[in-house]
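Input: a single structure, listed below in structure tokens.
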Amino acid sequence: MSDKKENKKENYSADNIQVLEGLEAVRKRPAMYIGDVGVKGLHHLVWEVVDNSIDEALAGHCDTINVTINENNSITVSDNGRGIPTDMHHKEKRSALEVVMTVLHAGGKFDKDTYKVSGGLHGVGVSCVNALSEDLKVTVHRGGKIYEQEYKIGVPQVDVKEIGETDLTGTTVTFLPDKNIFTHSVYNYDTVASRLRELSYLNAGITIFLKDLREKGEDGEFLQDKFHSEGGLKEFVVFLDSTREKLIPEPIYMDGEKGDIPVQVALSYNTSYSENVVSYVNNINTIEGGTHVSGFRRALTRTLKSYADKSGLLEKAKVEIAGDDFREGLTAVISVKVQEPQFEGQTKTKLGNSEVMGAVDTCVSDMLNEYLEENPKQAKQIVSKVVLAAQARHAARKAREMVQRKNVLSGTGLPGKLADCSNNDPTACEIYLVEGDSAGGSAKQGRDRNFQAILPLRGKILNVEKAQEHRIYENEEIKNMITALGVSFGTEDDPKELNMTKLRYHKVVIMTDADVDGSHIRTLILTFFFRYMKSLIESGYLYIALPPLYLLKKGKQERYCWSEEDRERTINELAKDGKVDSVGVQRYKGLGEMNPEQLWTTTMDPERRSLKKVTIESAAAADHLFSMLMGDEVAPRREFIEKHAKYAKVDI
């Protein structure tokens, strides 16, 4: 080691300890504050600003919010609330508006007298958005005056100035995310619309307008939506179940307050085989559930079982009834407001407050009892569904055990078609689920045998959205996937929960052809993972491979292209003499058309490949999409296809 390095090591002193001033910390480690710097983080900026407006609405001072996606992918959020205070902040010796916009953890939401409860997961709020924006302008209408201040990367360009008079109140924030921070800079209209729709259901009576100035529809008008709900959670359940056949005509709605915790629950039953419980705390989607969901499930099971026992409706069931049986075909939305929420779990989206469990349990028990007594016909339909679920569960358990039982003669019990890797460390290993035997053959030859395993899938797997659970475990391709992954079903807490303790690969890659059939097979596989292996997605283990669409050749030059735009740009680069016809274009319709070396180079080599990570941004939106695309109801699917037909690229 050189003397220079030795000195550097010895000079570790107080001067080496960095204190990040103000918003510099946010720019240094943005992922700590907004989750990541990709698509999710980019959209999180919108949620932070909208949350401030929602807080005003919860406090009773705002009923209209406007969100605009501008042409340059900046965002404008305005509300008709009280407006952020602009007078002098005595402690900071500057305008309160500037304090809110530039100081982390500053704002009314930390004062319980100003806001009883508030959204915003980390409390970093609009100052964090300011730090991560190239430009931000805030305009406040308050006290008959209009005030304005502009910032660049969180730094005020001028003091707060008065620019006019008004008889309106409210705050308008326009921000442009910093391209030096974010890897993605284009906002997705559907993602924003999905979240705003949720917020309108969770906060009944508020009107939220969304407009996209980047795109015009067929009528020449800008793309826009209006979200407003008078029925709140009741309407939310109707929306979630719009793609399924109802079992009871109207959702059951419960609303109460126990120990300063407002509880709202809406639930309904449908003829499907899956449970869909979506939960929120202070408008935050608690993807991993928590004490509020535990309280709800406990109350639902106890109340329904007690009613069924008293009415003698369970005598027909020749099998024992379990808690899971009461939740098959259930769609429920739980929303609680908690003053001091404690979040835990892998993604900090699991509620940990123990007092919430009792509050939800008591509220649901009381109101559900009342509903069952007053609606005997619907109660009987629900209990009959429970009995059917219990019988199907017993059949499914036997089918699962058949899959999980290792055959003594087959040694490891792994599927014969699996080409396994030599490494035994799950964190280093990956498995490719490949469409078709021919592509599987190329993948087996082209892979790195040390850490890449290949499982070819023959044809289209079963559509799990339409099948009873025991039928799913009888399907050969699904059995092969479960066995190859090494997972089983059943944990100490939940007999149906995915047990990943023996998971053999921490990267599960779906690799299908770039055609219509390939897209369908990919959707079928994704539906299976979403319905039966959701925790594998939540752990970040599921990916989609992106094989190239084109191979372009000119002389000895070869270039791969992944999109139409990519193809056109590459043709122009290769045809420098202007002779576009001189560039040979090969369209890959199937993975089998690539030889092993090409497949490795483009799709499997970790140094050069592109993979899409599968995540669940909104459980409610994902459930609605899967049930609509893969369920029994045709009308919603036709409407979706007609709406999105212009984006489809079809080879005829």
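All values reported here derive from a predicted model rather than from experimental measurement. Both backbone and side-chain heavy atoms feed into the values below; hydrogens, waters and symmetry mates do not.
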Determine, step by step, whether Leu455 and Tyr432 satisfy the side chain to side chain contact (heavy atoms under 4.5 Å, CB included) criterion, reporting the C-alpha distance in whole Å, the side-chain angles of both residues, the deciding distance to 0.1 Å, and the verdict. CA-CA 6 Å; Leu455 179 66; Tyr432 279 80; over 6 Å; no
Okay, side chain of Asp517, backbone of Asp513: is any donor-acceptor separation there less than 3.5 Å? no
Keeping the roles fixed (side chain from Thr512, backbone from Gly518), state whether a donor-acceptor pair exists under 3.5 Å. yes
Check whether any side-chain heavy atom of Asn282 sits under 4.5 Å from a side-chain heavy atom of Pro341, and report yes or no. yes
Mind checking the CG-OG spacing from Leu199 to Ser194? Nearest 0.5 Å is all I need. 9.5 Å
Measure the shortest side-chain to side-chain distance between Ile454 and Ile431 over non-hydrogen atoms and say whether it is less than 4.5 angstrom. no
Nearest atoms (heavy-atom pairs only) where Leu485 meets Phe529: CD1-CE2, 4.1 Å
For Arg447 and Gln452, indicate whether the former's side chain and the latter's backbone hold a donor-acceptor pair under 3.5 Å. yes
Shortest non-hydrogen pair, Arg559 vs Thr570, comes out as CB-CG2, 3.7 Å
Testing the 3.5 Å rule here: is there a donor-acceptor pair between the side chains of Asp225 and Tyr189? yes
For Ala428 and Phe451, which heavy atoms make the closest approach, and how far apart are they? O-CB, 3.4 Å
Spatial distance of atom CG (Asn450) from atom CG (Asn423) [nearest 0.5 Å]: 5.0 Å
Phe227 vs Tyr201, test: ring pair (Phe, Tyr, Trp, His ring centres under 6.0 Å). Steps then yes/no. CA-CA 8 Å; Phe227 304 107; Tyr201 287 132; 8.6 Å; no
Looking only at heavy atoms, what is the nearest atom pair of Ala439 and Gly592, with distance? CB-N, 4.0 Å
Looking at Arg214 and Tyr187, would you say the former's side chain and the latter's main chain have a donor-acceptor pair under 3.5 Å? yes
Determine, stepwise, if the pair Val508 / Glu430 fulfils side chain to side chain contact (heavy atoms under 4.5 Å, CB included). CA-CA 6 Å; Val508 180; Glu430 51 192 52; over 6 Å; no
Describe, in one word, how the ring planes of Trp47 and His43 are oriented to each other, choosing from parallel (under 30°), tilted (30 to 60°) and perpendicular (over 60°). tilted
Can you see whether His470 engages Glu474 through a side-chain donor-acceptor pair at a distance of less than 3.5 angstrom? no
Can you tell me which residue among Asn424, Asp420, Thr483 is in a side-chain hydrogen bond (donor to acceptor under 3.5 Å, both in side chains) with Arg504? Asp420
Applying side chain to side chain contact (heavy atoms under 4.5 Å, CB included), run through Leu457 and Met481 and close with a yes or a no. CA-CA 9 Å; Leu457 300 173; Met481 278 196 283; 4.1 Å; yes
Close side-chain approach of Thr286 and Tyr280, heavy atoms under 4.5 Å: no
Among all residues two or more places apart in sequence or in another chain, which pass the salt bridge (charged side-chain N to carboxylate O under 4.0 Å, His left out) test with Arg449? none
Hey, does the side chain of Glu134 reach the backbone of Lys179 with a donor-acceptor pair shorter than 3.5 angstrom? yes
Strictly by modelled atom types, are Ser74 and Asn70 linked by a side-chain donor-acceptor pair under 3.5 Å? yes
Side chains of Trp562 and Leu549: does their closest heavy-atom pair fall under 4.5 Å? no
Mind telling me whether Phe239 and His624 have parallel, tilted or perpendicular rings, with 30° and 60° as the class edges? parallel
Between Ser539 and Leu536, is there a donor-acceptor pair closer than 3.5 Å when you use the side chain of the first and the backbone of the second? no
Cation-pi between Lys507 and Tyr543: NZ/CZ under 6.0 Å from ring centre and within 45° of the ring axis? yes
Donor-acceptor contact present, side-chain Asn73 to main-chain Val186, <3.5 Å: no
Would you kindly check if the NZ (Lys) or CZ (Arg) of Arg587 is within the cone defined by 45 degrees around the ring axis of Tyr550 and under 6.0 Å from the six-membered ring centre? yes
For Phe222, does the six-membered ring have the charged nitrogen or CZ of Lys211 within the cation-pi criterion, i.e. under 6.0 angstrom from the centroid and within 45° of the normal? no
What are the two closest non-hydrogen atoms of Ser442 and Met594, and how far apart are they? OG-O, 3.4 Å
Would you check if the distance from the ring center of Tyr505 to the ring center of Tyr541 is below 6.0 Å? no
So Met630 and Leu524, do their side chains get closer than 4.5 Å, heavy atoms only? yes
Quick one: does Ile482's side chain get under 4.5 Å of Ile478's, heavy atoms only? yes
Between Thr68 and Thr76, do the side chains contain a donor N or O and an acceptor N or O under 3.5 Å apart? no
Specify the closest pair of heavy atoms between Ala443 and Met511, including all atoms of both residues, with the distance to one decimal. CB-CE, 4.1 Å
Applying side chain to side chain donor-acceptor pair (under 3.5 Å) to Thr331 and Asp241, what does each step give before you reach the verdict? CA-CA 7 Å; Thr331 296; Asp241 262 0; 2.8 Å; yes
Below 4.5 Å, heavy atoms only, C-beta onward: do Leu196 and Val67 meet side chain to side chain? yes
Are Asn276 and Leu240 side-chain neighbours, meaning at least one heavy-atom pair lies under 4.5 Å? yes
Is Ser133 reaching over with its side chain to a backbone N or O of Leu136, donor-acceptor style, under 3.5 angstrom? no
Verify the distance criterion only: is there a donor paired with an acceptor across the side chains of Thr603 and Arg609 at less than 3.5 Å? no
Using only atom types and a distance under 3.5 Å, with no angle test, would you say the side chain of Gln598 pairs donor to acceptor with the backbone of Asn595? yes
